[in-house]
Amino acid sequence: MNTTVPSNNSPMIQLKGVRKSYGLYEVLKGIDAEVARGEVVVICGPSGSGKSTLIRTVNRLEEIGSGSIVCDGNNIHQPMPARELNLLRSRIGFVFQSFNLFPHLSAIDNIAISPIRVKGVPREAAYAKATQLLERVGLADKAHAYPGQLSGGQQQRVAIARALAMEPPVMLFDEPTSALDPEMVGEVLAVMKGLAADGMTMMCVTHEMGFARDVADRVWFIDQGQIIESAPPDEFFSRPQTTRAQRFLSDLRH
Amino acid sequence: MISDIVAIIRDYWLLLLIGQYPNGPLGGLAATLMLSVLAIAFAFPVSIALALARLSKSPFLNWPVTALVYFTRGVPLLMLILWGYFLVPLVTGANVPAFLTMLVTLVVYQGAFLSEVVRGGIVALGHGQMEAARALGHSYLGAMRYVILPQALYNVIPSIISVFVATIKDTTLGYVINVPDLTFAASQINNQLLTQPFQVFFILAAVYYVICWSLSRVAVLTERRITRRRAGTAPQPTAKSLKLAALTDQPS
Amino acid sequence: MTSFDLSEILGNPEYVSMLVLGIEMTFIVAIGSWLLAMTLALLLLGLRYAPGPAGNAFVTAYVSYHRNVPTLVQLMLWYFGIFTLMPEGLTFWLNDHNAEATFAVIGLGLCQAAYFSEDLRSGMRAVSPGQMEAARALGHGYVSAMRYVMLPQGVRNALPALINHSVSLFKNSSLAVAIGVAELTYAVKEIENLSFRTFESYLLVTVLYLVFSLMIMAGGAYIARKADPMRSGRA
Ligand SMILES: Nc1ncnc2c1ncn2[C@@H]1O[C@H](COP(=O)(O)OP(=O)(O)OP(=O)(O)O)[C@@H](O)[C@H]1O
Ligand SMILES: [Mg+2]
């Protein structure tokens, strides 16, 4: 599993008493959790339990009602100028279920545009890096293809490369493979496994239990807005503590 | 200013409403509305025929209609009205009232526009419906009549209302051949008063605004109703739907 | 009726120069109002997205007026109405500077701006909301996300509508004849009056309009194709 020594002993992500409501409906009911540096956490739970909401609060795509989230030493939800928040966001990679590649830009432009426009990286350096990243996700030959010309699996790999281009110390994934045809799931998971092996800190909402077993350091099981189990994968899969987790796992197997 | 406007309305409301009638032809708002209603009523069947012709595989049907559509899209209505004024009496050999000339021109012009709307509605249905109907043994025209058109026409009702609004606005161009409509009545009033052009044309604009705005609201509400009945939530516009919408929504 | 003979018109230098002047004026009005309309449309679009409800309410009212009052009536209100209410100095100045054409450009431009701005807005709305989120997640600020992600897609979505409406703007330049602008429709009526060659003069001008309109459509289709990366073969 993960053998990289954390450069720093403080956790990469620290959630304290995070609560969030839509109107009267409370989606997150007090989340307290930590993700260590280099750790891979897989989040699972029934539909509507708040997984997406939780992961989206970490880069503040969603605001929270109360509590705090610290990521890489930065208090994400404190009041701050927009510029600062943008820079913070650029240091948290996010991969969407629906890829959200920019359809008007080729694969390589998708990857290079944000380093150039957000971080002010010189064009040449940005494109050199983009080329390198495309190689890393196995799409060097698709640099000039547009998203519409790529399969779902290829699009998602470009999306991962695009997030990596900002050189984030942490990557968040929200069901990165659930919009894909089954035969394409493997290629995306392989890229993610490679990232984990390189020591990337990852928070990953997924129902790919094989991936969780092989790669995750811990599994969080969320139900009704709370993390009700947090355990290493072998423990979670073989001895789930709560009846809800047991039911979830047995439903998943059928 | 406001008292001027009230005074003009008080003095001339009948002229604005029905023109010189019964001492002359029916005019004013009544003529505008009648012209628009008749134009759209005739243009509607014409547009269905044109749409079917344009969708047909026969070049003899397809080509002339395509040409007509491009012709009406490329030539100003004003020019077509001049043509109508020149040609309609030539064809009928009689002294034709301007109202009728304008009506014929509008039917051709809006018929062509509307045919694009109808065609868009048919194309948007996709092949599945036609194939299903043919599989059940309907003839091509039977499938059109009982399966395709009822759905397609229902779906394009909002666009048809938009074309109707465009027609009302288009009737104003009848002034070039002296069609006695609302705009004509306002010009008459302006010529009599001479000193209050702003007030007169302000009233004119306001009347058109009230009518067209109300109808546009009806179109929007119908659209919502149709989408609600069909899918539930209003769909996001797509690049394709925008292309179609742009056709019906013409300034005039 | 005499037989069809185009040379009656095309062979007469006086008529030809009327035609040329008419074409020139049609283009001045069409291009002038197009530029005005596009500039205003971008401003209106900006107002739509401005914070607070005032901008949006203003644009809604603006669009509603210009879409629900016939363009011809708008022109008449400008030229016969508002013109007379202007301060005398301005009136003199305008009379010296082709007031008719000026008001045609203003009237048509203001009206068309409503259509263009709505085209752009629908184009922007057709961009999936995930695009904004992805840009924000990568650290783009609002302006940067608009500039590099949203607007390029929104404008491209709006292109077919913008092209259609550009053609109708060109056709609507003929309405300027109603306030006395000596453009192409004006020229055809003059030539018809002088030559008694109704059919020939109408045919000539109709073909001219048609050719110009088709050129705008073709040019627009070319731009739309260029702007579509998937079809331009750059990939
Ligand atoms: N914008 C919103 N407004 C109101 N309610 C919302 C909104 N977004 C999410 N919710 C609700 O919050 C709850 C949690 O949503 P969330 O998307 O986080 O669930 P999830 O665990 O990711 O589910 P899934 O597995 O289906 O993706 C759901 O009940 C959802 O209906
Ligand atoms: Mg989710």
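Here is the naming used below: chain letters follow the sequence lines, and residue numbers restart at 1 for every chain.
When the shell of 6.0 Å around CD of A:E63 is examined, it contains more than 12 heavy atoms from other residues, nucleotides or ligands. Around CZ of C:F212, the count of heavy atoms belonging to other residues, nucleotides or ligands within 6.0 Å exceeds 12.
Here the side chains of A:D109 and C:Y148 are not in contact, with every heavy-atom distance at 4.5 Å or above.
For the residue pair C:Q131 and A:L101, the shortest heavy atom distance occurs at NE2-O, 2.7 Å. In terms of heavy-atom proximity, A:F102 sits nearest to C:A134 at CE2-CB, 4.1 Å.
A donor-acceptor pair under 3.5 Å is absent between the side-chain atoms of A:H104 and the main chain of C:L151, judged by distance alone. In terms of modelled atom types and a separation under 3.5 Å, the side chain of A:N100 and the main chain of C:G130 share a donor-acceptor contact.
Proximity to chain C is limited to the side chain of A:R56, based on heavy atoms less than 4.5 angstrom apart. For chain C, the nearby part of A:F94 is the side chain; its heavy atoms alone come within less than 4.5 Å. Within the 4.5 angstrom heavy-atom criterion, only side-chain atoms of A:L61, from C-beta onward, approach chain C. Heavy atoms closer than 4.5 Å to chain C are found nowhere in A:S98, neither backbone nor side chain.
Residues of residues 174-181 of chain A placed with any heavy atom under 4.5 Å of a heavy atom in chain C are absent; none qualify.
Counting heavy-atom pairs closer than 4.5 Å to chain C, the top residue among A:K119, A:M166, A:R117, A:R162 is A:R117.
Taking CD1 from A:I92 and CG from C:L138, the interatomic distance works out to 12.0 Å, rounded to the nearest 0.5 Å. Between the CZ atom in C:R136 and the CG atom in A:N59 there is a gap of 11.0 Å [rounded to 0.5 Å].
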